[in-house]
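Bear in mind that the values here come from a model prediction, so they are computed numbers and not experimental data.
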Amino acid sequence: MDSLSLHAKQINHGQSEIWLGGAHVQEMTPRRTLTTNEVLNVTRRHCSPEQFEAFCNESHVALGHIASLNVPNLNENASELRLRIAG
């Protein structure tokens with residue numbers, strides 16, 4: 001999962017769409033809609049405080065803005081968020 005990132009787009013003030021994607025936000029998994037708090041709680045558990053803070057700040061820039069997270073343990077985040085590449 002080195003070339004993949006977790007992408008999150010806040011669609012309203014309580015929900016976010018998430019997916020795994022490569023460069024230029026290319027979708028590698030189907031999108032899932034989750035509460036924004038759930039997405040942030042998972043990333044908080046699996047990321048350093050600095051990585052979490054950067055992702056959290058980016059995810060709250062504006063509705064529709066896509067925040068990206070690329071960390072060495074991305075598979076732990078993806079697994080807990082139930083994002084799997086088909087095939």
>> With a 3.5 Å distance limit and no angle check, can you tell me whether N73 reaches the backbone of H46 through a side-chain donor-acceptor pair?
In response: yes

> When rounded to the nearest 0.5 angstrom, what distance separates CZ in R31 from CH2 in W19?
Replying inline: 3.5 Å

>> Holding to side-chain contact (heavy atoms from CB on, under 4.5 Å), I want the full list of residues that pass it with I11, two or more places apart in sequence or in another chain.
In response: K9, Q15, E17, T33

> Heavy atoms, side chains only, cut-off 4.5 Å: are N70 and F55 in contact?
Replying inline: no

>> Tell me every residue that passes side-chain hydrogen bond (donor to acceptor under 3.5 Å, both in side chains) with S16, counting only those two or more places apart in sequence or in another chain.
In response: T36

> Between the main-chain N or O of N75 and the side-chain N or O of S79, is there a donor-acceptor pair closer than 3.5 Å?
Replying inline: no

> Just how far is it from atom CG of L6 to atom CG of L69, taken to the nearest 0.5 Å?
Replying inline: 5.5 Å

> Of the non-hydrogen atoms in P30 and L83, which two are nearest, and what is the gap between them?
Replying inline: O-CD2, 3.9 Å

> Does the pair M28 and L4 meet the rule for a side chain to side chain contact (heavy atoms under 4.5 Å, CB included), with working shown?
Replying inline: CA-CA 8 Å; M28 303 298 288; L4 293 179; 3.5 Å; yes

>> Run N77 and C47 through side chain to side chain contact (heavy atoms under 4.5 Å, CB included) and show every step you take.
In response: CA-CA 9 Å; N77 287 280; C47 295; 4.2 Å; yes

>> On a heavy-atom basis, which atom in H60 and which in L40 lie closest, and how many Å separate them?
In response: CE1-CD1, 3.4 Å

> Quick check: does any side chain N or O of S5 sit under 3.5 Å from a backbone N or O of S68, one acting as donor and the other as acceptor?
Replying inline: no

>> Can you list everything that forms a side-chain hydrogen bond (donor to acceptor under 3.5 Å, both in side chains) with Q10? Sequence neighbours excluded, please.
In response: none

>> Per the salt bridge (charged side-chain N to carboxylate O under 4.0 Å, His left out) rule, what does the pair list look like for residues 69-79, sequence neighbours excluded?
In response: none

> Got a sec, which residues hit side-chain contact (heavy atoms from CB on, under 4.5 Å) with E53, two or more places apart in sequence or on another chain?
Replying inline: N57

> For L81, does its backbone N or O pair with a side-chain atom of R32 as donor and acceptor, under 3.5 Å?
Replying inline: yes

> Got a sec, which residues hit side-chain contact (heavy atoms from CB on, under 4.5 Å) with R45, two or more places apart in sequence or on another chain?
Replying inline: N41, V42, E80

